[in-house]
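Structure, as structure tokens:
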Number of protein chains: 2
Amino acid sequence: MHTTTTVHIINRGRGRVVEPTPNSPSSLLPHKSQSPLLPSLVLRIFVCEVAARRMEGGVGEVDHLAGERATAQFDVEHMKVAWAGSRHAVDVADRMARLVASDPVFRKDNRTMLPRKELFKDTLRKATHAWKRIVELRLTEEEANLLRLYVDQPGYVDLHWGMFVPAIKGQGTEEQQKKWLPLAYKFQIIGCYAQTELGHGSNVQGLETTATFDPKTDEFVMHSPTLTSSKWWPGGLGKASTHAVVYARLITEGKDYGIHGFIVQLRSLEDHSPLPGVTLGDIGGKFGSGAYNSMDNGLLRFDHVRIPRDQMLMRLSQVTKEGKYVHSDVPKQLLYGTMVFVRQTIVADASKALSRATCIAVRYSAIRKQFGPQTGGPETQVLNYKTQQSRLFPLLASAYAFRFVGEWLKWLYTDVMLKLEAKDFSTLQEAHACTAGLKAVTTSVTADGIEECRKLCGGHGYLNSSGLPELFAIYVPACTYEGDNVVLLLQVARFLMKTVSQLASGKQPVGTTAYMGNIQYLMQCRCGVNTAEDWLNPAAIREVFEARALRMAVNCAQNINKAPGQEEGFHELSPDLLEVAVAHVQLIIVTKFIEKLEQDILGEGVKEQLRNLCNVYALYLVHKHLGDFLSTGCITARQGALANEQLGKLYAQVRPNAVALVDAFNYTDHYLGSVLGRYDGNVYPALYEEAWKDPLNDTVVPDGYREHLRPLLKQQLKLSRL
Amino acid sequence: MHTTTTVHIINRGRGRVVEPTPNSPSSLLPHKSQSPLLPSLVLRIFVCEVAARRMEGGVGEVDHLAGERATAQFDVEHMKVAWAGSRHAVDVADRMARLVASDPVFRKDNRTMLPRKELFKDTLRKATHAWKRIVELRLTEEEANLLRLYVDQPGYVDLHWGMFVPAIKGQGTEEQQKKWLPLAYKFQIIGCYAQTELGHGSNVQGLETTATFDPKTDEFVMHSPTLTSSKWWPGGLGKASTHAVVYARLITEGKDYGIHGFIVQLRSLEDHSPLPGVTLGDIGGKFGSGAYNSMDNGLLRFDHVRIPRDQMLMRLSQVTKEGKYVHSDVPKQLLYGTMVFVRQTIVADASKALSRATCIAVRYSAIRKQFGPQTGGPETQVLNYKTQQSRLFPLLASAYAFRFVGEWLKWLYTDVMLKLEAKDFSTLQEAHACTAGLKAVTTSVTADGIEECRKLCGGHGYLNSSGLPELFAIYVPACTYEGDNVVLLLQVARFLMKTVSQLASGKQPVGTTAYMGNIQYLMQCRCGVNTAEDWLNPAAIREVFEARALRMAVNCAQNINKAPGQEEGFHELSPDLLEVAVAHVQLIIVTKFIEKLEQDILGEGVKEQLRNLCNVYALYLVHKHLGDFLSTGCITARQGALANEQLGKLYAQVRPNAVALVDAFNYTDHYLGSVLGRYDGNVYPALYEEAWKDPLNDTVVPDGYREHLRPLLKQQLKLSRL
């Protein structure tokens, strides 16, 4: 009977029937536990080989999701273009994804099983190999970035390219850029971004590290005066970086000029050992197995380390030989440009992470069956349950919504830069508030959404082989870095309160706050929805979101004014202000999705599907935040019920298209890294194969049996007489 | 200067000034990275020693939270009693916690760094050592359970005592209990509970494993006919168990009698190798590092394995020698008793897990400072921010709320058992719905709450040394096991719909649904709240929660009746039904908290503090679910605003008591396992010490430098000519 089981496994596992021969490793699967060590080794080879075959992703011999794909009512190839932004974007991403997926060095299916040191070594290997490929294949910057994206393993290169180089570009003088950028571009040096400290995160002005100018030697003295001033968290700092842009209090002529950036060499370029007076280390294990533990987030302490004066980043201000602190004529506002850029990439990453999670959950929900109709018969696909749809489809819609608002942010960034170069700072605050808010909302929703998708996969979602635990653990820091989400939302709220207060004086709000200028109408307008279908009207949706956001803001502003002082009022009402900011940001996302649908979108049925998703996103928010909409009188209880009714109808329309809608993300099985999310849906044999890879299965009888289990079972414990 | 830094570290790290001697390991900390290998070893010894000193928990030489403790307005010792349930409960828990904390074998601070095999071996060691101590010290069952609780590491013993033994007690005949229980009690056999399969979770009736009776040999033949019939997930199955209670389809005389339990030996008692025809293995890595990976969740396949007929659990039904299937006169309902018992323990565990997370977050929020008053001056304790309070205090209140409803469930269980023995099944359905709903709501809130507490600790909450990542990863399965929360809530909703439909026929609802009998009043009553203070009236709170729950249930029932068929209606409206069930369960929790406050509670200020927490819990829910309360007309928008206003005032009252309120949980530093949650609040030196323990810090220059980093930096990559 083993053999038939084997055939069965192979059949489902590889999509074709294989006559098992006694020595075919696969035929060992069911015997596995009766044969001591050999089989697991053989099996590993077998499994790796299977894994390798699968690396390229795409369909296997049998597509268990073919039925789902057949019900799609739109052109998936065109949806891929709508998602990626252009045909070119689809093609280049596709090439890079396959390049990575087909390269064994980039294998990541064993990542969660590697001890920390091996995992970090694996990161170094992949980073160097990626660079080798980039050079060998003469990849463009666009291609190189995509290749790094699909390698999909946090490492020092992220900070080198993402923070170190941009910091020098943004804050370095032309000479400094000429000197340092070529070294960084060729990886003759590896750089990181050393800002946060053990005792100081969000409040940059509170940093304690000092850079004291010594005119005698024309040097800065970098020092860590306290334990809490230890640099803490910078990625790439712990083990890999040779240099860092370090943020410290500039002190010259006995005066503290606040936080400035300095280029500091940390390690010898000869043997990589830390330079004298420099203490470096990794800050220790982080959430999850695999996950962000591939990154050497580090700690750094200075003991009076001296650097040449010209390693202060001097684009905005300088210290002269004599120690005079002088401002340059470059406007400080230029720094905002970088911030807008970084946050725009974070929003883009949010849509990627959330789309990966929903892709896994949607596909597995179409494979997984549970309970049958009362009438008996086969079990029902989990994806057919309304409870599953009502949790999963809003997340799918959010992934698309974040994708499109992220695209719009790219435009906003270029617009901001053009204005900055023209010294026009009129829209800067609004653009900053907008990006800060979008960063906060999209990352929070994505973090919670990934965990929700994991729960939607039932017990198996808890296995590392589902890919979801690692995706979650890698993603959640996004809620904290580049501005804690709560801190950011309070900044947005502060800007909104200011905007409201200026309405009286007739100052016209700009950009994403322009709707506030329509205050007379929005404060008294009544929603005209009479039927569930009326909720499909984008104008109606947009109006209730505008009215809700504005009325919440105005209420809050009035309550603040009741307080003895503005600051006290702001402090007391800060929990409400968070809700005001969220309402405003949700309006932005809904509006940009609606505006996207006003553009030409090619492909049969593509726009219709996107319209459904836009409506799901908006009406889901109406239902979730019903209290906001009712308490501000924007809609009636009955209209709220109609929105919920329409939402149910929309789920039914999304259902037959769900699998095709996640196929449009165009992710390889390698990038997804999930046996539950396999393109071919052949989940159960894959889960079974993955299980045997665990080191605990190397032996049938576990280590520790002789020492701990046998004495217990044999009643031979040496008990002390007490 | 190192030395002064050292003094500084030691000073903060140990709470007293130490003159560093060149060879004192502590003085190596700042030098660390300049000295290759030795220091880290020395440091480890130093750190372990420090850790050992700290194991007992409790205050160090300096209490950095003394100021917070001084502001408490109640008697903490009496609050400990209120939390634990009795003075005896406090004392015995305290003794067992310290017994564990002071025993080096139970050390767990290195758990997240252990590779899987070592982690599992560590579990075996701890389990055997715990048993040794239980026997040596002649611990009572109560003491033994507490000792296992404080060992705090998932392992096979949890299933042996928690599922295997109870299954035999509940479903075995007297002879079966006489035969098997003594073996289990002495650990001559180790048992697990093998129910779920690779392709079958929540739907027990869908299990595929077969137990076919063979009258010729008077045996059952256990078989796994398909890959999806592989037993999958049972804890302790993978490597440790010798026996299992296996659930399979009973087939006799060619007829399938559905799922029954069978005691099956899996491994040899001589050498622990699997018996012929039995395939056993671990299902692989799970969420998090450390966490549940200490447990050998396993897979099991049978290839026609034969067991004696008398190993079918025959309390409820038997198969005769001839193969006749016969029911016993024992009522099936008895099985519900077990379910109620297990779920009651899960609710108790929820309050433990959530209280641990809030304890960590509250203490660290009192230590952590960020941003200052606009006027300048020192930074503000994070715990003083309203945004922090509005996220943290409702979770603190929930921990207390779950604790008290869990206590009440103990009473419910005994009540149910008494009724069952008296063959009174009248309240069984209601009790079952009540426990199912409480399990679902408390586990979901706790899982999300732990992650929220982690975010409330900022970046450092992401470090394993914060304890929160592991607490989360260990806890989340509670949302899935013993009934998926969504499935359970739908069961509750089904019961509520039935109860509503029977109201017309005058059938009086019982227990936690009794309030529905008051339908005439509750459907039309108006909330009398006129001021924020009015929301402090428990009668007002209770009434709006009753009205909200009932009105939502009635609305849903009416909408179901509009559907062509009951089942269709139920399916279509299932997302709304989830909300109905949650509203009902929240009412139960609020009610039990209010009833708790009607009892005598000793200790100065204790009851006042609990009243504040009860109000925080209730009014937070009013704000969070404002849409429910407004759309059902239970309260007006103004009353909703007043509830929110009162909530803010309550936060201010909780603030000075927050640290003392988490001290009342009486957890040792060992059990908390968090440097952020240390009783003495001496967080930063502890974080710094923990970092150096990471294996990546064993060497200054990381493994992989020569192979991967140096060639890159030295521009010596061997590039293929393409």
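Chain letters run A, B, ... following the sequence lines, proteins first and then strands; every chain starts at 1.
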Side-chain heavy-atom pair [X], [Y] within 4.5 angstrom cut-off:
{"X": "L630(A)", "Y": "F629(B)", "value": "no"}
{"X": "V486(A)", "Y": "Y385(B)", "value": "no"}
{"X": "L198(A)", "Y": "H460(B)", "value": "yes"}
{"X": "W233(B)", "Y": "L463(A)", "value": "yes"}
{"X": "K186(B)", "Y": "Q715(A)", "value": "yes"}

Legend entry - Closest approach of F120(A) to P702(B) (non-hydrogen atoms, all atoms of both residues): CE2-CB, 3.7 Å
Legend entry - Heavy-atom pair with the smallest gap, counting every atom of A691(A) and W232(B): CB-CH2, 3.7 Å
[X] versus chain A, the contacting section by heavy-atom distance below 4.5 Å:
{"X": "L577(B)", "result": "neither"}
{"X": "N555(B)", "result": "neither"}
{"X": "S230(B)", "result": "side chain"}
{"X": "Q188(B)", "result": "both"}

Go through the atoms of [X] and report whether side chain, backbone, both or neither lie under 4.5 Å from a heavy atom of chain B.
{"X": "S390(A)", "value": "side chain"}
{"X": "L578(A)", "value": "side chain"}
{"X": "D122(A)", "value": "neither"}
{"X": "L299(A)", "value": "side chain"}
{"X": "R391(A)", "value": "side chain"}
{"X": "K624(A)", "value": "neither"}
{"X": "T632(A)", "value": "neither"}
{"X": "F472(A)", "value": "side chain"}
{"X": "E451(A)", "value": "side chain"}
{"X": "I190(A)", "value": "both"}
{"X": "H623(A)", "value": "side chain"}

Legend entry - Residue selection (most heavy-atom pairs with chain A, distance under 4.5 Å) from L717(B), D271(B), N293(B):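 Answer, by heavy-atom pair count under 4.5 Å with chain A: D271(B).
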Legend entry - For T480(B), all residues meeting side chain to side chain donor-acceptor pair (under 3.5 Å), sequence neighbours excluded: none
Inset, instruction - For each of S465(A), A641(A), G627(A), tally heavy-atom pairs with chain B at distances under 4.5 Å, and name the one with the top tally. - result: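 Most pairs with chain B among the choices: G627(A).
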Legend entry - Whether E707(B) side chain and R125(A) backbone form a donor-acceptor pair below 3.5 Å: no
Legend entry - Exam field: side chain Y462(B) to backbone A473(A), donor-acceptor pair closer than 3.5 Å: yes
Inset, instruction - Taking only Lys NZ, Arg NE, NH1 and NH2, and the carboxylate oxygens of Asp or Glu, determine whether K455(B) and D448(A) approach each other closer than 4.0 Å. - result: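 Between D448(A) and K455(B) there is a salt bridge, with a charged N closer than 4.0 Å to a carboxylate O.
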